[in-house]
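I have placed the structure first, in the form of C-alpha cells, so that the comments after it can refer back to it.
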Amino acid sequence: MVGVLVNGYGSIGKRVADAVAKQDDMKVIGVTKTKPDFEARMAVTKGYKLFAAIPEKKHLFEEANIPIEGTIEDIIEDADIVVDGAPKKIGKANVENVYKKHNVKAIIQGGEKAKDAEDSFNSLWSYNRCYGKDYIRLVSCNTTGLCRTLYAIDSITDILKARVVLVRRAADPNDIKTGPINAIIPDPVTVPSHHGPDVVSVIPKLDGKIMTSAIIVPTTLMHMHSLMVETTGVTKDAVLDAIEKTPRIIKVKASEGIDSTAKIIEYSRDLGRLRYDLNEIAIWEESINVVDNEIYLMQAIHQESDVIPENIDCIRAMLEMEEDNIKSIEKTNRALGLLK
Ligand code: NAD
C-alpha cells in the first residue's frame, strides 16, 4: 500500500484524493489546503488528514476551528508520491522548491508545460515511458481526450493528418471570475493552438501531423472537439469497433436524447456519478463518418474529471506498481466504476 499526498485540494486535487481512496493498493496520507474554506472543512469530515500547503498560514485553520495536523513539511517525507493539484505555474514551482528538496516523486497537472517534467503522461500512450520516473506531467483534459481517441484511430490505420477544432468551456462551474458570458473568443487567436504540440508531447510520431485551433464559448459543463483525421484507409465500421475496444471512451446517441453537453451531464447525473463526473470521453455515434479515408467525429470532454483515472495509473507507473498499462487501466476503472 503506497502513500499519496495530494498537494492542492481543489477541483482536480479533491477528485484525485477520492479516486486514490477507492483503490486497494494506495491510500491518501494527507491533503493540503492554502486556506480554511468549506473544502478544507469537508476534507476533514471525509476523513482526510489536513495539512497547511503554506506553513505560515497554518494558524488560519486553527483560528477557523478546522482540525489541522500540521504543515506540508510535517508530512511530505512520509509520502511515496505527491499529486500536485495546485494552479497553473505553481505546480512547476512546487517541483523545484518543495518536491526536489524533499526528494519525493510528484505528478504535476496539465496547466504546466511539457518541459517542466521528465515526460507527459497518458495511460494508453506513455505509461511505459513514465515507468519509474520521478517528475511527470499529467496532460490537460483536452489533450487526454484527444490522446484516447487518436489511440483508437491509430490502432486501425495510419494517421496522415489530424485536424481538430476545440470548443472550450469558459469556466468551471465553481468559477465566478472568468468568462466570457456574452462572446465567443478565439483563444489562442493564433493557429495552431498549444493543444496540437501538447498531443505531440505524448505521441511524438504525430509531430507535424496534427493541427488544432481553439475557441472559448460561454458554457461551464464540458469542452467539445470536432475531429477530422486523414488516414491511409479505413471503414466506418472499423472506427466504430476501435472506439468500442478503447478504454475510457463511450459512444452516446443524439437519437436517444443525448444531443448536447447538457444532456451528457444529465446522463452522468442519472448514472449517480459523484459531482456528475464523466471520466469517459463521450463520442456522438451519429457524428462518426468516413469520407475519402478521412474520419470525422465529435466528442465531449468533462474537463474536471477525465484526467482523474490517468492520475491513478500514473501513480502506479511512477512507483513501478504494475508493469502492464492495460492491467492498471482495468484496475482503476473497476475501482472507480467506469463504464469501460
Ligand atoms: P483549483 O483552483 O480548483 O485548485 C487549486 C488548489 O490548489 C486550490 O485549492 C488552491 O488553494 C491550491 N493551491 C494554491 N496555491 C498552492 C500551493 N502553493 N501549494 C499547494 N496548493 C496550492 O485548480 P484546478 O482546476 O484543480 O487546477 C489544478 C491543475 O489542474 C492546473 O494545472 C490545471 O491546469 C489542471 N487541470 C484543471 C482542469 C479543470 O478543468 N479544472 C482540468 C485538467 C487539468
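The shown structure was predicted, so the numbers you read here are calculated from the model rather than taken from an experiment. Just so it is clear, the values below take in all heavy atoms, side chains as well, and ignore hydrogens, waters and symmetry mates.
In the displayed structure, Asp292 atom CG is contacted under 6.0 Å by at most 12 heavy atoms of other residues, nucleotides or ligands. Within 6.0 Å of CG on Asp270 lie more than 12 heavy atoms contributed by other residues, nucleotides or ligands.
Closest heavy-atom contact between Thr71 and Pro55: CG2-CA, 3.7 Å. Considering every non-hydrogen atom in both Met318 and Ala106, the closest pair reads CE-O, 3.4 Å. Contact detail for Ile264 and Ala300: the closest heavy-atom pair is CD1-CB, 3.6 Å. Nearest approach of Val28 to Ala17, heavy atoms of both residues: CG2-O, 3.4 Å. Closest of all the heavy-atom pairs between Ala317 and Phe121 is CB-CE1, 4.2 Å. Smallest separation of non-hydrogen atoms from Thr157 and Gly233: OG1-O, 3.1 Å.
Salt-bridge check for Asp241 with Lys245: passed, with a basic side-chain N closer than 4.0 Å to an acidic carboxylate O. Salt bridge Lys263/Glu266: absent, no basic N to carboxylate O contact under 4.0 Å. Taking the charged nitrogens against the carboxylate oxygens, Glu304 and Arg275 have no contact shorter than 4.0 Å, which rules out a salt bridge. Here Glu96 pairs with Lys100 in a salt bridge; the nearest charged N to carboxylate O distance falls below 4.0 Å. Here Glu294 does not pair with Lys161 in a salt bridge; the nearest charged N to carboxylate O distance is not below 4.0 Å.
Without hydrogens or angle criteria, Ser305 side chain to Leu278 main chain gives a donor-acceptor distance under 3.5 Å. A distance-only check finds no donor-acceptor pair linking the side chain of Lys327 to the backbone of Glu323 [under 3.5 Å]. Side chain of Lys340 to main chain of Ile249: a donor-acceptor pair is present (N/O by atom type, distance under 3.5 Å, no hydrogens or angles).
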Exercise for review: Start with the C-alpha distance between Asn293 and Thr232, add both sets of side-chain angles, then the distance that settles side-chain contact (heavy atoms from CB on, under 4.5 Å), and finish with yes or no.
Suggested key: CA-CA 6 Å; Asn293 293 335; Thr232 47; over 6 Å; no

Exercise for review: Please assess Arg169 against Thr261 for the test side chain to side chain donor-acceptor pair (under 3.5 Å), listing each intermediate value before the final yes or no.
Suggested key: CA-CA 11 Å; Arg169 61 90 180 89; Thr261 52; over 6 Å; no

Review point. Going through the distances and angles, do Glu280 and Arg273 end up as a salt bridge (Lys or Arg N to Asp or Glu O under 4.0 Å)?
Key: CA-CA 12 Å; Glu280 304 88 341; Arg273 292 285 177 85; 2.7 Å; yes

Check your understanding: How far apart are the C-alpha atoms of Ile68 and Lys33, what are their side-chain angles, what is the distance that settles it, and do they pass the side-chain contact (heavy atoms from CB on, under 4.5 Å) test?
Key -> CA-CA 10 Å; Ile68 184 117; Lys33 284 289 299 173; over 6 Å; no

Practice item. Report the C-alpha separation of Asp24 and Met1 in whole Å, then their side-chain angles, then the decisive distance to 0.1 Å, and conclude whether the side-chain contact (heavy atoms from CB on, under 4.5 Å) test is met. Key: CA-CA 7 Å; Asp24 64 11; Met1 182 76 81; 5.7 Å; no

Practice item. With side-chain contact (heavy atoms from CB on, under 4.5 Å) as the test, would you mind laying out the steps for Leu124 and Ile329 before giving the verdict? Key: CA-CA 8 Å; Leu124 292 164; Ile329 288 171; 3.8 Å; yes

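Between the side chains of Arg248 and Thr144, no donor N or O sits under 3.5 Å from an acceptor N or O. Defined by atom type and a distance below 3.5 Å, a donor-acceptor pair is missing between the side-chain atoms of Asn325 and Ser123.
With a 4.5 Å cut-off on side-chain heavy atoms, Ile250 and Tyr267 count as touching. Residues Ile295 and Leu227 form no side-chain contact, since every pair of their non-hydrogen atoms from C-beta on lies 4.5 Å or further apart. Leu240 has its side chain within reach of Lys251: a pair of non-hydrogen atoms, C-beta onward, lies under 4.5 Å apart. In this structure the side chain of Arg316 reaches within 4.5 angstrom of the side chain of Asp25, judged on heavy atoms. The closest side-chain heavy-atom distance from Asp175 to Thr220 is not below 4.5 Å. Within the 4.5 Å cutoff, side-chain heavy atoms of Met26 are placed close to those of Ile312.
Rounding to the nearest 0.5 angstrom, the gap separating the SG atom in Cys314 from the CD1 atom in Ile107 is 3.5 Å. For the atom pair Asp37 CG and Ile66 CD1, the distance stands at 7.0 Å (nearest 0.5 Å). Here CD1 of Ile243 is found 8.0 Å from CD1 of Ile156. Values are rounded to the nearest 0.5 Å. Summarising the geometry, atom CD1 belonging to Ile159 is positioned 7.0 Å from atom CD1 belonging to Ile203; distances are rounded to the nearest 0.5 Å. In this structure, CG on Asp277 lies 9.5 Å from CD on Gln303, to the nearest 0.5 angstrom. Taken from CE in Met298 to CE in Met228, the straight-line distance is 9.5 Å, to the nearest 0.5 Å.
Using cut-offs of 30° and 60° on the angle between ring planes, the pair Tyr131 and Tyr127 is tilted. Using the six-membered ring where Trp is involved, Trp125 and Tyr151 have ring planes that are perpendicular, over 60° apart on the 30 and 60° scheme. A tilted orientation is assigned to the rings of Tyr276 and His302, their planes being inclined by 30° to 60°.
A salt bridge (charged side-chain N to carboxylate O under 4.0 Å, His left out) with Asp198 is found for exactly one of Lys113, Arg137, Lys115, namely Arg137. A salt bridge (charged side-chain N to carboxylate O under 4.0 Å, His left out) with Asp154 holds for exactly one of Lys205, Lys209, Arg148; it is Lys205.
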